[in-house]
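To start, the structure itself, in structure tokens.
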Amino acid sequence: MTAPIENRLKDSTSPYLRSAAHQPVDWHEWGEEAFARARAENKPILLDIGAVWCHWCHVIDRESYENPAIAAIINRFYVPVKVDRDERPDVDARYQSAISAISGQGGWPLTAFLTPDGKPFFGGTYFPPEDAMGRPGFKRILTSIAEAFKSRRAEVDTSAVALEEAVAKAEVFRTAHGEFDAGIVDAVLESALHLFDEHNGGFGQSPKFPHASAVDLLLERYQSTRDRHLLHVAERTLEAMALGGVYDQLGGGFHRYSVDERWCVPHFEKMTYDNSELLKNFLHGYQVTGNDLFREISEGIIAWVTTVLSDQEKGGFYASQDADQTLEDDGDYFTWTVDEVRSVLTPEEARVIELYFDIQPRGEMHHNPSKNVLWVARKWDEIAKTLNLDVEKTWELVCTAESKMAKARRLRPAPFVDTTMYVGWNAMFVSAYLEASRVLQSWMAADCRDFALKTLDRLTAEAWDESKGFLHRVGGPRLEGTLDDQIFAAAALLDAYESTLDSKYFEKAERTMQLAVERFGDPDGGGFFDRAKDAAPMGGLEVRRKPLQDSPTPGTNSVAVIVLDRLYAFTGEKLYRDWAEKTLEAFVGLIPQYGLFAATYGLAALLHSRHPIQVVVLGAAEDPNAAALEKAANEVYRFGKAVLRVTPERMSSASLAPALSETLPHLDAAKPQALVCIETTCHPPITSPEELKALLTEIAAGAAAK
């Protein structure tokens, strides 16, 4: 018997790369070994960038890279390199930009053809093995590109150099620099309002992605202006996502995006970074509206993360859950036929749930028309009227049916979970969990806080380098951290400090940001590069880039501004304020062009222009009046607001940040009272929770004097 094929990816840390270890393609991981071989053999590089959660990545794997005939062409004419975009976001970002310039589209799988020194000259995304779907077949492309490289090398090299220069020019943002004006936020809001889908909620048409920062910006501006239309856009979007198939109605958590404009049929993979930011969205929506649906969705995300996407013992959030159990099912784990529903429910339960989730003999899945995506089609009272049932009885039947279906689903083979822990994504969820601990008034609050701190302590213990800051990944071979890892971690550390007043978190946040300024900052042009100035050569596109766009995570330069302004509020250190301003100025000219995709910049601009709000609640640890003040402070949404609980013990310790240690010592820390401060000015102490909420609401509306 012939031994199974195993290529050099078999020992990779990445589960995506290991999944290709059996392929007959002679894959390399990204690195100098591949480039050296390409130069030595004078061969072009075939670059495949994908992810373990990516459905079409697995499709091209099966159709082409597992095809012996195609693999033979690749091995003969190319040096093939496979990259996990989660593991190497720096590589992915550069080649996405280049291939988008060539083909007008990006995404995964990304298929790029490079010169031996890594410069792209042709590429696209998914290619079928033979000519199909209006796309040229991969076989034909492989042979054509190989021939062009051999017979028209000068032309190929010229194209590669021109493309590299175009990408470099696009990433520099020299023409974007200008004087900062908070009025630029209006351009972002206008873009969001213009793209708002009144009928279905969300922004744009299909495919429809969540834009978490845009929703937060709308809620923030509503708090300031009381413009009901801004609230309507945010509410309609949150409700549509919550009731749609893009939300896992049985298991909790959001799928990556919807392929249709109705939020009904999703791409079923679930990502850490989507769910952390959507958790914050729904928490903020609950704060502003009091809508219990938003609280329930927040709790549903947390419940799913607890059971599926986290290491409950040691702390940490996993990277993703795949869409499919196999390539043949395409979401079958999450979808239902009528017969499957009726097999686990009583006839009465089935009648109710089929109306509730619009479960019919013909469902929404094109590959298997009998499969239904679960989305909330009707309210309980409507179903009760239709079936002549009591509303409370209908609600009970829905709850019982959901519980039975969830139990039955857990018996199905579940999609793969990538247990890799990336520092930046973990930090984003730490911040989201700490936000949940402040907003939710339930047993979940304490659990979220404890798990967030456990995770953050693990990140600092296992992925911290005193001279370089945070690494990119917990465990495995050392992988240098990106700007995302530093900035999101610094934000999480500040959130942890606000939650605990433990000085170790504040000191680490300062150190992280100082390293970010030193290693990633652009002292001349402002802003931050995604790779450190002392990072090892990347190979290929050695283009310096400054991440601005919210896609798929919040724009890191904008988050850096938010962190810097928060540090300035705690320290009064002018360096932080200056770097925040320089970073905003570095991009201001581009914001109208980015529009909706610069929503995090909009939030940063607003916070910078008005300064963070700090609410200091004093009183003994068990004082119920102090607890009531803290609860009132947390009930009002204001982006960047810090609520700090200071007991007499904390007041006398060395745990207070510099600005707080200058402001608070003259107050009686044992007396339950709240102090609301903005920059260097504080309002008189308040002892009434109602008065505190009124003041915060007034400040949020911009009517109170600083």
Side-chain angles (χ1 to χ4, degrees), residues 201-202 210 212 215-216 234-235 237-258 263-264 266-310 312 317-318 320-321 323 331 333-336 353 356-357 373-377 379-380 395-396 398-410 414-415 417 428-449 451-452:
V215 173
D216 270 358
E235 275 192 295
T237 298
L238 291 174
E239 287 174 354
M241 287 192 292
L243 301 178
V246 74
Y247 179 71
D248 182 351
Q249 300 294 334
L250 293 184
F254 281 88
H255 303 292
R256 191 163 68 96
Y257 69 94
S258 175
W263 298 107
C264 184
H267 253 221
F268 288 94
E269 61 271 10
K270 294 181 181 179
M271 308 303 299
T272 310
Y273 54 75
D274 286 327
N275 281 279
S276 65
E277 302 315 283
L278 285 167
L279 174 55
K280 291 183 221 175
N281 262 182
F282 281 91
L283 291 167
H284 298 156
Y286 176 60
Q287 284 178 297
V288 173
T289 68
N291 187 334
D292 281 336
L293 172 65
F294 299 160
R295 174 184 53 78
E296 291 165 8
I297 297 299
S298 301
E299 292 174 346
I301 295 172
I302 294 166
W304 168 69
V305 169
T306 298
T307 56
V308 175
L309 209 73
S310 57
Q312 288 295 302
F317 298 90
Y318 301 144
S320 62
Q321 183 177 27
Y333 176 79
F334 301 100
T335 56
W336 294 76
I353 210 70
Y356 185 66
F357 284 138
V373 179
L374 302 186
W375 61 284
V376 179
K379 296 181 179 179
W380 298 323
W395 176 77
E396 291 173 356
V398 168
C399 292
T400 303
E402 285 183 324
S403 178
K404 287 183 177 180
M405 291 172 70
K407 183 178 180 180
R409 196 180 80 172
R410 286 194 290 271
V417 173
M428 290 165 67
F429 239 128
V430 167
S431 293
Y433 262 42
L434 290 172
E435 187 81 339
S437 74
R438 291 184 283 268
V439 175
L440 298 177
Q441 303 298 319
S442 69
W443 59 268
M444 274 189 170
D447 285 357
C448 285
R449 180 179 183 272
F451 190 75

Query raised in the report: If every non-hydrogen atom of Val246 is compared with every non-hydrogen atom of Ser258, which pair is closest and at what distance?
Result: CG2-N, 4.2 Å
Query raised in the report: So do Glu435 and His284 actually touch side chain to side chain, heavy atoms under 4.5 Å?
Result: yes
**Report entry** side-chain contact (heavy atoms from CB on, under 4.5 Å) assessment of Leu238 paired with Leu293
**Finding:** CA-CA 9 Å; Leu238 291 174; Leu293 172 65; over 6 Å; no
Query raised in the report: Taking the side chain from Gln249 and the backbone from Gly244, do they hold a donor-acceptor pair closer than 3.5 Å?
Result: yes
Report task. Given side-chain contact (heavy atoms from CB on, under 4.5 Å), test Leu279 with Phe254 step by step and report yes or no. Result -> CA-CA 10 Å; Leu279 174 55; Phe254 281 88; over 6 Å; no
Query raised in the report: Say you draw a straight line from CG of Asn291 to CD of Glu296; how long is it, rounded to the nearest 0.5 Å?
Result: 8.5 Å
Query raised in the report: Any donor-acceptor pair under 3.5 Å linking the side chain of Ser442 with the backbone of Met444?
Result: yes
Query raised in the report: Is there a side-chain contact between Phe268 and Thr335 (heavy atoms, below 4.5 Å)?
Result: yes
Report summary line: Scanning both residues in full, the closest heavy-atom pair of Leu283 with Ala432 reads CD1-O, 4.0 Å
Query raised in the report: What's the spacing between Lys407 NZ and Arg409 CZ if we round to 0.5 Å?
Result: 15.5 Å
Query raised in the report: Can you tell me how far the OH atom of Tyr286 sits from the CD1 atom of Ile297, to the nearest 0.5 Å?
Result: 13.5 Å
Requested in this report: Determine the interplanar angle of the Trp395 and Trp380 rings, folded into 0 to 90°, and report it as parallel if under 30°, tilted if 30 to 60°, perpendicular if over 60°.
Outcome: perpendicular
Query raised in the report: Is the backbone N or O of Met271 less than 3.5 Å from a side-chain atom of Ser320, with the two atoms forming a donor-acceptor pair by type?
Result: no
Query raised in the report: Quick one: does Ser437's side chain have a donor or acceptor within less than 3.5 Å of a partner on Ala446's backbone?
Result: no
Report summary line: Tightest non-hydrogen contact, residues Trp263 and Ala240, listed as CD1-CB, 3.6 Å
Query raised in the report: Is any side-chain heavy atom of Arg449 less than 4.5 Å from a side-chain heavy atom of Tyr433?
Result: no
Report summary line: All heavy atoms of Gly245 vs all of Pro266, minimum pair found to be O-CG, 3.5 Å
Query raised in the report: So do the side chains of Lys270 and Trp304 get within less than 4.5 Å of each other, counting heavy atoms only?
Result: yes
**Report entry** Worked verdict on Asn275 versus Phe429 for side-chain contact (heavy atoms from CB on, under 4.5 Å)
**Finding:** CA-CA 8 Å; Asn275 281 279; Phe429 239 128; 3.9 Å; yes
Query raised in the report: How many angstroms lie between CG in Asp274 and CE in Met428, if you round to the nearest 0.5 Å?
Result: 8.5 Å
Requested in this report: For the pair Thr237 (side chain) and Gly201 (backbone), establish whether a donor and an acceptor sit closer than 3.5 Å, ignoring hydrogens and angles.
Outcome: no
Query raised in the report: Hey, does the side chain of Asn281 reach the backbone of Ala212 with a donor-acceptor pair shorter than 3.5 angstrom?
Result: yes
Report task. Say whether, by atom type as modelled, one donor and one acceptor occur between the side chain of Thr306 and the main chain of Ile302 under 3.5 angstrom. Result -> yes
Query raised in the report: For the side chain of Lys379 and the backbone of Tyr356, is there at least one donor-acceptor N/O pair under 3.5 Å apart?
Result: no
Query raised in the report: Rounded to the nearest 0.5 Å, how far apart are OG of Ser298 and CD of Gln287?
Result: 9.5 Å
Report summary line: On a heavy-atom basis, the closest approach of Ser431 and Lys280 is CB-NZ, 4.2 Å
Report task. Would you sort out whether Phe451 and Phe317 count as a ring-ring contact (aromatic ring centres under 6.0 Å, His included), showing the intermediate values? Result -> CA-CA 10 Å; Phe451 190 75; Phe317 298 90; 5.2 Å; yes
Requested in this report: Could you tell me which non-hydrogen atom of Phe282 sits nearest to which non-hydrogen atom of Ala242, and how far apart they are?
Outcome: CE2-CB, 3.9 Å
Report summary line: Rounded to the nearest 0.5 Å, the CZ atom of Arg295 sits from the OG1 atom of Thr289 at a distance of 11.0 Å
Query raised in the report: Is the Phe334-His255 ring centre distance short of 6.0 angstrom?
Result: yes
Report task. Could you check Thr272 against Gln321 for side-chain contact (heavy atoms from CB on, under 4.5 Å), going step by step and ending with a plain yes or no? Result -> CA-CA 9 Å; Thr272 310; Gln321 183 177 27; over 6 Å; no
Query - Side-chain heavy-atom pair Thr307, Gln312 within 4.5 angstrom cut-off - result: no
